[in-house]
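Whatever order the structure lists ligands and atoms in, that order sets their numbers, starting from 1. Given the structure is predicted, the values throughout are model-derived calculations rather than measurements.
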Amino acid sequence: MALWGGRFTQAADKRFKDFNDSLRFDYRLAEQDIEGSIGWSKALVSVGVLTQEEQQRLEIALQDLLVEVRSNPQAILQDDAEDIHSWVESKLIDKVGSLGKKLHTGRSRNDQVALDIKMWCKRRVLELQENVRELQAKLVETAEKNQDAVMPGYTHLQRAQPISFAHWCMAYVEMLDRDYSRLSDAYQRMNTCPLGSGALAGTAYAVDRERLAQDLDFAAATRNSLDSVSDRDHIIELLSTASLSMVHLSRFAEDMIIFNSGEADFVELSDRVTSGSSLMPQKKNPDACELIRGKAGRVVGALTGMLMTVKGLPLAYNKDMQEDKEGIFDALDTWQDCLGMATFVLDGIKVNVERTKEAALKGYSNATELADYLVAKGVPFRDSHHIVGETVVYAIKVQKGLEDLTLDEFRQFSDVVGDDVYEILSLQSCLDKRCAKGGVSPLRVAEAIAAAKERLK
Ligand code: ARG
């Protein structure tokens, strides 16, 4: 039965009911709705609506319900209640009779749903932070194992300068660090309790909302009732954090797909995260990475959808807001899955060090070194850049690496080149020289790994 029988003479049409009901997705808020209800029952004692004894009976019944819900959340879906709030209330009435009907005094589903979704989001933030940390730990572990794997670094997807596979791993550790801190920021801002705001204007019972907030594990009560019931910033912030992190994961996946391609052959992905072709027996496709890249789209879609849903809404609550749930549920589930899958992908990865080195030696990725060498011999950088450009054109023509040119060949372009050039052009020297903070020198990378391990503890 609907919650508002008195005002209506006709039942809702089945088609409207199906359209309007949210139980099929908001059943996921059952635990939060029950915990919030226990908190509210205590507040009702303080304003004389419930006796201690009544509150005890309600609390025991609600705790029972919590146990049932935890053991089988899907069972809720069998019911035809409109939403999770009406479901909890009707189950409570089944358990304790008409005492259950007192619980909704001074409360509205508007402050109730605002509370439930905030509690749910807070819990998910803490979980997601753990998932982010797990992926970071796996990246650091992979970096540690692959400090000697030299490979080409790219700009414009053209070989640019040599880097190590470890340095590449550590770049993603940094991105995820920012994702983690965005979650922390969002958590702080969402840590205010809207319960006790009523439908929109505040509750008519003088409950101590700060105490209620504390009971429900919030840092403080919200300050304005209109804002409390219409605020969905926390959802939008989480969607935006998820979107940006999915963009990071998508770039990770794209790098992996390129590294795993026949053309690059830098890494081999494990059989456990790849699939074969039904037709072409030789194929081993990077589906896990492609799906991570693909799923970024739907997470960003949820963010866009939610922004559009909220943008034209007058204060305070509007039913449009019910549309917040499927998007945030799906987006956070997806993000969590992808964090886990990225961790799993790294778990079985093999870096083909001969191939990465061979590629690093090609593509004239030591050309900057030669330019710096000429600078050290007194040639102005702009001139040295030009000289090296001409040298590279020549080297391409004779199909040699810069390090394979003879001194006579070098001297066609600059007479300052001496025997000491060969040392400078080695891969090791290219790496070692980049020793300023954040650079690819093996020493700096080892430090970065050690520092990250310390941070992740
Ligand atoms: N199912 C609703 C939602 O998710 C709960 C709030 C209903 N409030 C109302 N005034 N109809 O937004």
Side-chain angles (χ1 to χ4, degrees), residues 1-8 10-37 39-40 69 73 76-92 101 103-124 190 193-204 216 222 224-236 238-239 302 305-333:
M1 199 190 50
L3 297 171
W4 51 78
R7 165 79 170 75
F8 290 76
Q10 268 194 309
D13 190 279
K14 163 113 176 43
R15 281 168 302 181
F16 167 70
K17 184 167 160 47
D18 290 346
F19 187 65
N20 187 51
D21 286 2
S22 51
L23 189 69
R24 74 190 154 78
F25 46 86
D26 69 14
Y27 79 98
R28 291 183 66 173
L29 300 175
E31 287 189 30
Q32 289 72 26
D33 201 77
I34 296 169
E35 284 162 13
S37 295
W40 188 241
V69 152
I76 303 171
L77 295 169
Q78 304 309 313
D79 204 277
D80 80 61
E82 178 191 341
D83 56 24
I84 191 59
H85 323 295
S86 27
W87 183 83
V88 169
E89 190 173 322
S90 78
K91 291 295 141 191
L92 184 63
K101 297 183 183 172
L103 178 66
H104 208 56
T105 314
R107 185 175 70 164
S108 157
R109 281 185 298 162
N110 298 351
D111 56 352
Q112 201 176 346
V113 73
L115 172 75
D116 293 0
I117 195 84
K118 262 191 175 173
M119 288 172 74
W120 186 89
C121 285
K122 280 176 60 182
R123 197 164 88 188
R124 280 315 279 277
M190 73 176 70
C193 179
L195 194 60
S197 298
L200 73 164
T203 181
L216 292 171
T222 53
N224 178 291
S225 63
L226 284 177
D227 177 53
S228 304
V229 295
S230 54
D231 171 27
R232 294 296 182 270
D233 288 5
H234 39 290
I235 291 179
I236 295 171
L238 280 190
L239 287 171
M306 191 58 201
L307 285 168
M308 289 307 101
T309 294
V310 174
K311 83 170 264 299
L313 294 185
L315 291 188
Y317 178 83
N318 300 270
K319 196 56 172 273
D320 315 46
M321 288 174 166
Q322 179 166 290
E323 290 294 309
D324 59 359
K325 291 175 198 63
E326 286 161 291
I328 187 82
F329 291 164
D330 181 71
L332 296 194
D333 290 349

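- Salt bridge status for R124 with D333: present, with a side-chain N to carboxylate O gap under 4.0 Å.
- Less than 4.0 angstrom separates some heavy atom of S22 from each of these atoms of ligand 1: 1 (N).
- Summary of contacts: the protein heavy atom closest to atom 11 (N) of ligand 1 is R109 NH2, 3.7 Å.
- Closest approach of M190 and K118 over heavy atoms only: O-CD, 3.5 Å.
- Inter-residue side-chain proximity for L103 and W40 is flagged as met; some heavy-atom pair is nearer than 4.5 Å.
- Residue-level proximity to ligand 1 for K325 is carried by the side chain, the only part with a heavy atom below 4.0 angstrom.
- In terms of protein heavy atoms, atom 8 (N) of ligand 1 is closest to N110 OD1, 2.9 Å.
- Here H85 has side-chain heavy atoms under 4.0 Å from ligand 1, and that is the only part of it that gets that close.
- Ion pairing of R123 with E35 is absent here, as no side-chain N (NZ or NE/NH1/NH2) approaches a carboxylate O to less than 4.0 Å.
- Close N/O approach between Q322 and ligand 1 is found [any backbone or side-chain N/O within under 3.5 Å].
- For the pair Y317 and ligand 1, the shortest N or O to N or O distance falls below 3.5 Å.
- Using a 4.0 Å cut-off between charged side-chain N and carboxylate O, R28 and E326 make no salt bridge.
- In F19, the CZ atom is not crowded: 12 or fewer heavy atoms of neighbouring residues, nucleotides or ligands sit closer than 6.0 Å.
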